[in-house]
Number of protein chains: 2
Amino acid sequence: MNGADSLCDTLLANDIDVCFANPGTSEMHFVAALDRKPRMRCVLGLFEGVVTGAADGYARMAGKPAATLLHLGPGLGNGLANLHNAKRARTPMVNVVGDHATYHVQYDAPLTSDVDAVARPMSHWVGRISDAASLSGQAAEAIRVARQAPGNVTTLILPADAAWTDLPADAPAPVVVPQEAPKAPDAQAIRAAAQAIRSGQPAMLLLGGAALQGRALAAAGRIAQATGARLACETSNRRIERGITRTPVPRLPYPVDQAVQFLAEVRQLILIGSRDPVAFFAYPGKVSKLAPKDCNAIQMATPEQDLAHALEWLAEELGIAADAPQLRAPDTNVAEIPVSGKLTSSAINRITAHLLPEHAIVCDESITQGRELAMYNISARPHDWLQLTGGAIGIGLPLAVGASVACPDRKVVTMQADGSGMYTVQALWTQARERLDCLTIVYANRTYATLHGEMKNVGVQQMGENARRMLDLDDPSLDWVHLARGMGVEAVRVDTVEAFTKALQDAFSRKGPYLIEALI
Amino acid sequence: MNGADSLCDTLLANDIDVCFANPGTSEMHFVAALDRKPRMRCVLGLFEGVVTGAADGYARMAGKPAATLLHLGPGLGNGLANLHNAKRARTPMVNVVGDHATYHVQYDAPLTSDVDAVARPMSHWVGRISDAASLSGQAAEAIRVARQAPGNVTTLILPADAAWTDLPADAPAPVVVPQEAPKAPDAQAIRAAAQAIRSGQPAMLLLGGAALQGRALAAAGRIAQATGARLACETSNRRIERGITRTPVPRLPYPVDQAVQFLAEVRQLILIGSRDPVAFFAYPGKVSKLAPKDCNAIQMATPEQDLAHALEWLAEELGIAADAPQLRAPDTNVAEIPVSGKLTSSAINRITAHLLPEHAIVCDESITQGRELAMYNISARPHDWLQLTGGAIGIGLPLAVGASVACPDRKVVTMQADGSGMYTVQALWTQARERLDCLTIVYANRTYATLHGEMKNVGVQQMGENARRMLDLDDPSLDWVHLARGMGVEAVRVDTVEAFTKALQDAFSRKGPYLIEALI
C-alpha cells in the first residue's frame with residue numbers, strides 16, 4: 001500500500017466512486033492503484049476538457065462529486081475552461097492533478113510548470129499533498145470543501161513521490177468526513193422578503209442553484225400562485241427541473257436590452273440562491289447592472305444556505321399552506337408542432353420538446369439557436385435541464401457524458417450548437433466507449449451565430465473578408481456524421497422537418513450514443 | 001480609429017502580419033478592426049489549442065512572431081498547453097487576450113476570471129492594456145520582449161473598453177520597436193570550452209535552440225569533424241536542420257536509462273544554448289540529473305546569446321578553418337527500405353525518410369512510434385524537423401498549420417501519434433480552410449503506448465480492467481479517415497507497406513491537406 005492507494009481508498013471511503021481521467025506518466029502510480037480498486041469506475045476522456053465537463057455533469061445529476069485525474073500543468077490547463085463552468089455552477093468536484101516528484105521540480109524538466117498557479121483561477125480550493133502519510137487527511141479536506149453547499153471545485157496536487165511512497169502496514173484507515181448541512185436560512189432576510197411581497201409593489205423571486213429543484217421549486221411555485229409574485233431564474237443554471245408537472249420559471253434573457261426590459265417593472269427583487277443580475281458582457285452605452293435603479297434587491301438566501309428550507313419558510317411566513325396549488329404552465333402554452341417543410345431551429349426546439357421522453361436529461365449548449373427552447377419545454381414531459389453556467393463553450397458533449405454515467409437509465413439529450421461542439425468533440429468517443437445512452441442534436445448552422453449578432457452590436461453591418469473568415473464555419477462545412485463515426489458514434493444528417501422527426505423518434509426508441517446533424 | 005485599430009496598426013508596423021484567432025464577444029471590436037486591415041492575415045482555429053500551437057509553428061519557421069487572439073480566461077486556458085510548449089521552445093509569440101471592459105469586471109459576470117493569473121504560468125511576460133491612448137506603447141513592449149533572443153511568449157490583455165474607445169484624429173503613429181540583437185558570447189566561456197575539448201577527455205557539445213540551424217550547426221559540424229568531440233542535442237528541440245547535407249546531431253534519448261548510458265563516457269559537457277540535461281520524469285531509484293557525477297559541465301553559451309557567433313568563435317579558437325569539412329552522416333547509414341509486408345512504425349519511419357521531398361518541414365509528434373525516425377532522417381533530403389518541446393501533447397497538427405502558413409511553398413509532413421493527435425484534432429479543419437499543403441501521417445496503434453511503457457516502469461506487468469481502459473484506445477477504434485473527412489480533409493487508410501508507400505507517393509505528388517491513417 002502506497003500513497004496512491006491511500007488516495008483511492010480515501011475517495012472510496014467518502015463515496016466518490018467515479019473518476020474521469022486523462023492520466024500521464026506522473027500519474028501512473030495512481031492508475032496502478034485504481035487498477036487495484038475495481039469499485040472505482042474509471043472513465044477515460046481523450047482530452048481534459050471532456051474530463052472536467054463530464055465531472056461537472058456527473059455531480060449535477062448524482063448530487064455528489066466525482067474525482068478527475070489530470071496530468072501536470074498543461075493537462076490541467078486543458079481542463080480549465082470546463083472547470084470555470086463548474087466553478088460558476090458551484091458543482092462539487094475533486095480534481096487530482098499529478099506533479100513531478102518533489103525533489104525533481106528543482107530541475108525544471110520540460111513538463112514542469114507551476115501547477116498550483118494554473119489551478120487557482122478556476123478552483124475554489126487548491127491543496128498540495130505533502131507526503132504519503134498525510135495524504136488521506138489532506139484528500140479528505142479537499143472532499144469536505146468540495147461537498148460544502150452548494151459545492152466547490154477543489155484541486156489536489158499529487159507529487160509523484162507522494163503517490164509511490166509505501167505506507168506502513170499499520171497505517172491508519174482512510175479519513176472519512178461527514179457531509180455538512182447547508183447553512184440555515186436567516187429569519188430576518190425571510191421576513192424582509194415576505195414584507196417585500198406583501199408591499200404590493202411588483203415583486204420577483206429570482207431563483208438560482210438549488211432553488212430550481214424539488215421542494216424549493218415547489219415552494220416557489222406555491223408562493224407565485226398565491227401571491228402573484230413573478231418567478232425568474234438566472235440566465236445560466238446548473239440544473240432546472242422542468243416540464244408539465246413543474247412550476248415554469250422563465251430565464252432572465254441573455255441580450256442586455258431584453259434583460260433590462262424583462263426586469264423593468266420589478267420594484268422588489270428577491271434573490272434566492274442568485275445574485276443581483278448583471279450583463280454577460282459590457283457594451284458601449286449599455287448598463288452592466290440589469291435591474292432598474294429604483295428596484296429594491298433583497299438577498300433572501302445565498303447559494304450556501306438551505307434554499308428549500310428558505311422557500312418553505314417564506315411560504316409559511318406568507319401564510320401559504322404546504323398543499324396549496326403551485327403555479328403551472330398554462331395549457332394554452334402548448335406549442336404548435338411543425339410536421340413538414342425545411343428544418344429550422346424553431347422546429348428543432350418544438351419537436352424535441354414535444355417528443356422528449358419522461359425523465360430525460362437535457363444538456364443545453366444550443367447558444368443562439370435554442371434560446372426559445374424555454375418556451376416549449378415548460379410543457380414537455382418532466383425532465384432535467386442542464387445549462388452552460390460559465391459561458392466557456394465546449395461543455396455540452398462532456399456534460400452529457402457525466403450525466404449519463406450518473407443516471408444510466410435516463411435518456412440524455414444534448415442540444416448542441418455546432419461551433420461550440422467542436423471544442424470538446426472528443427467526448428463523442430467516451431460516449432461510445434461507455435455505451436452511454438446519449439443523443440446529440442447538432443444545430444448545424446455552420447457559423448458562430450452569436451458573434452454575427454455581436455458584430456452588429458459593435459456597429460459592423462457589412463463584414464469584410466477577415467471578419468467573415470473568423471465568424472463562419474462553412475468553408476469547409478463540418479460534417480458531423482463523419483466526425484461522429486470517426487469516434488464510433490452512429491449518426492444521421494437531416495434537413496427537413498419530416499426527416500428530423502423520424503430521426504428523433506428512432507433515437508428515442510433505441511439505446512446508446514447517437515447523433516443527429518440537423519442542417520438549418 | 002479606436003484602440004483596437006491602434007493595436008492592429010502596431011502589430012503591422014512591427015511586421016506582425018499573421019493573427020491566429022478564436023475570438024469571442026469581448027474581442028469583437030478587435031475583429032472589426034482586423035476587418036479594416038486586409039494586410040493582416042487572420043487564420044481561424046476551432047479550438048484555442050490550435051491557435052497557440054499554430055502560432056508556435058509559424059514563428060519557428062518564419063523567424064518572427066505571429067499574434068494570437070483569444071477570448072477571456074477560459075479561451076486562454078484552452079490555449080495554455082501549447083503555450084507551455086512554445087514557452088519551452090522559446091518561441092516568440094504575442095497573445096492578445098480580450099477581457100471585460102474595466103468597469104464591468106467588478107460585477108463578476110459569468111465569464112469573469114483572473115485572466116492575468118491564467119496567463120502567468122505559461123507566459124514569459126504578461127501585460128494589461130490600461131487605456132486606448134497608451135495601447136500602442138504597451139503593445140510595442142510586448143512585441144519587443146517577444147522578439148528578444150531566443151524568443152519569449154508574451155500575453156497582452158485587452159479590456160473591451162480599451163479596444164472600443166476612440167482615439168483623436170491626431171493620435172501619434174504606432175510605436176515601432178527595433179529587433180534587438182542577441183547577447184554577445186562570452187570570451188571566457190568560449191576559451192573554457194576550447195580548453196575542455198583540447199583536454200583529451202571525452203567531450204560532448206550539447207546543442208540547443210538556434211545552435212541546430214544554419215551557421216551555428218555548420219560550425220558545430222566542423223568542430224566535431226576536426227576534434228572528434230561528440231555532438232548531441234536535447235531530447236526536444238524547436239527546429240533542427242536535418243538531412244544528408246547537414247551535420248547529423250544525435251538526440252539525447254528520452255528513456256532515463258538510455259540517456260544515462262548515452263552520456264556515461266562524457267567528461268566534458270559543453271552546453272551551447274542547452275541546459276545540463278535532466279530526466280523528463282522522476283522514477284523511484286533513478287537519477288534526475290543525467291550526466292555522470294564526475295562530468296564537468298560548461299555553459300559555453302546560453303539560449304539568449306548569439307549561438308552562431310559562439311560556435312564560429314569556438315572553431316576559430318580551436319584553429320579550425322571556416323572552410324574545413326563538416327561532419328556528415330556516414331554513407332553506410334542509409335537504411336534498408338522495406339517494400340512489402342505488414343506495416344510497422346519502423347517501416348513508416350524508413351519509407352517516409354526515404355521519400356521525404358527536399359525542404360519538407362516535419363512536425364514530429366510521433367512519441368514512441370517515431371523515436372527511431374532520427375536514425376533515418378539524417379540521410380533524408382534536407383528538411384526542417386520541429387519537435388514537441390514541452391511534453392504537452394496535442395501540438396503536431398497545429399504546428400503544421402503554422403509552419404505551412406509561414407512557408408506555403410514547402411510540404412509540411414506531420415508524424416502524428418493517434419492518442420496525441422486527438423487533443424487538437426480540430427486543426428485539420430484549419431488545414432482544409434486555408435488549403436495548406438499539409439500531409440498528416442497517423443501512427444494508428446490505438447493505444448497510449450508511452451503509458452504502457454510507464455506502467456511497466458512502475459512495476460505493473462499484468463494490467464486489470466481500470467488500467468487497460470485508461471491506456472487503450474481500441475474500444476471503439478478511432479477512425480481517422482472519417483475524422484479527417486468530417487473536417488474537409490481527404491484521407492486514406494493503409495495497413496501494408498505497399499499501400500503506405502503508394503499513399504505517400506500520391507501525397508507527395510499533390511498539393512493540399514491530406515491524411516494517411518497508417519494502421520500498425
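Computed from heavy atoms alone, side chains included, the values below leave out hydrogens, waters and symmetry copies. This structure is a prediction, so every number in the text was calculated from the model and none was measured.
- Atom CG of A:L44 is separated from atom CG of B:D472 by 9.5 Å, given to the nearest 0.5 angstrom.
- Taking the centre of each ring, B:F281 and A:H100 come in below the 6.0 Å mark.
- Distance alone, capped at 3.5 Å, places no donor-acceptor pair between the B:R485 side chain and the A:D479 backbone.
- Of the two parts of B:T165, neither the backbone nor the side chain holds a non-hydrogen atom closer than 4.5 Å to a non-hydrogen atom of chain A.
- How far OG of B:S113 is from CZ of A:R120: 15.0 Å, rounded to the nearest 0.5 Å.
- With a 4.5 Å cut-off on non-hydrogen atoms, B:A160 does not touch chain A at all.
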Exercise. Would you sort out whether A:T25 and B:M455 count as a side-chain contact (heavy atoms from CB on, under 4.5 Å), showing the intermediate values?
Key: CA-CA 8 Å; A:T25 298; B:M455 279 300 272; over 6 Å; no
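- Interface residue B:V458: backbone and side-chain heavy atoms are both found under 4.5 Å from chain A.
- Comment: A:D108 engages B:R275 in a salt bridge, judged by a side-chain N to carboxylate O separation of less than 4.0 angstrom.
- Proximity to chain B (any heavy atom under 4.5 Å) is shown, for A:A484, by neither the backbone nor the side chain.
- Only the side chain of A:T450 comes within less than 4.5 Å of a heavy atom of chain B; its backbone N, CA, C and O stay farther away.
- Although no hydrogens or angles enter the test, the distance criterion places a donor-acceptor pair under 3.5 Å between the side chain of A:N466 and the main chain of B:L34.
- With sequence neighbours excluded, the residues forming a side-chain contact (heavy atoms from CB on, under 4.5 Å) with B:A86 are B:D56, B:T91, B:M93, B:V153, listed by chain and number.
- Among residues at least two apart or in separate chains, side-chain hydrogen bond (donor to acceptor under 3.5 Å, both in side chains) pairs with a member in residues 420-433 of chain B are A:N22-B:Y423.
- Heavy-atom distances place the side chain of A:M122, and not its backbone, under 4.5 Å from chain B.
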Practice problem: Give the intermediate values and the outcome of side-chain contact (heavy atoms from CB on, under 4.5 Å) for residues A:M487 and B:H482. | Solution: CA-CA 8 Å; A:M487 288 177 274; B:H482 273 114; over 6 Å; no
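- The choice from A:G390, A:P23, A:A392, A:A81 that makes the most heavy-atom pairs within less than 4.5 Å of chain B is A:G390.
- Between A:E434 and B:R469 there is a salt bridge, since a side-chain N of the basic residue sits under 4.0 Å from a carboxylate O of the acidic one.
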Quiz prompt | side-chain contact (heavy atoms from CB on, under 4.5 Å) between A:M28 and B:N457, worked out | solution = CA-CA 9 Å; A:M28 279 302 103; B:N457 280 341; over 6 Å; no
Exercise. Any chance you could lay out the side-chain contact (heavy atoms from CB on, under 4.5 Å) test for B:Y283 and A:D161, step after step, and finish with the verdict?
Key: CA-CA 8 Å; B:Y283 301 89; A:D161 50 345; over 6 Å; no
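- Using a 4.5 Å cut-off between heavy atoms, B:P38 touches chain A through its backbone atoms (N, CA, C, O) alone.
- Looking at B:K37, only its backbone comes within 4.5 Å of chain A, counting heavy atoms on both sides.
- Looking at A:V118, the atoms closer than 4.5 Å to chain B (heavy atoms on both sides) sit in the backbone and in the side chain alike.
- Interface remark: A:L80 contributes side-chain atoms only to the contact with chain B (heavy atom separation under 4.5 Å).
- With a threshold of 4.5 angstrom between heavy atoms, A:V460 approaches chain B through side-chain atoms but not through N, CA, C or O.
- Per-residue counts of heavy-atom pairs under 4.5 Å with chain B were compared for A:L111, A:L76, A:N78; the largest is that of A:L111.
- Less than 6.0 angstrom separates the ring centroid of A:F47 from the ring centroid of B:F47.
- With a 4.5 Å cut-off on non-hydrogen atoms, B:T389 touches chain A through its backbone but not through its side chain.
- For B:Y448, the part sitting under 4.5 Å from any heavy atom of chain A is the side chain, from C-beta outward, and nothing else.
- Within the 4.5 angstrom heavy-atom criterion, atoms from both the backbone and the side chain of A:T112 approach chain B.
- Only the side chain of A:L72 comes within less than 4.5 Å of a heavy atom in chain B; its backbone stays farther off.
- For the pair B:L451/A:V31, no side-chain contact is recorded, criterion being any heavy-atom separation below 4.5 Å from C-beta on.
- B:H104 and A:S288 share a side-chain donor-acceptor pair at under 3.5 Å.
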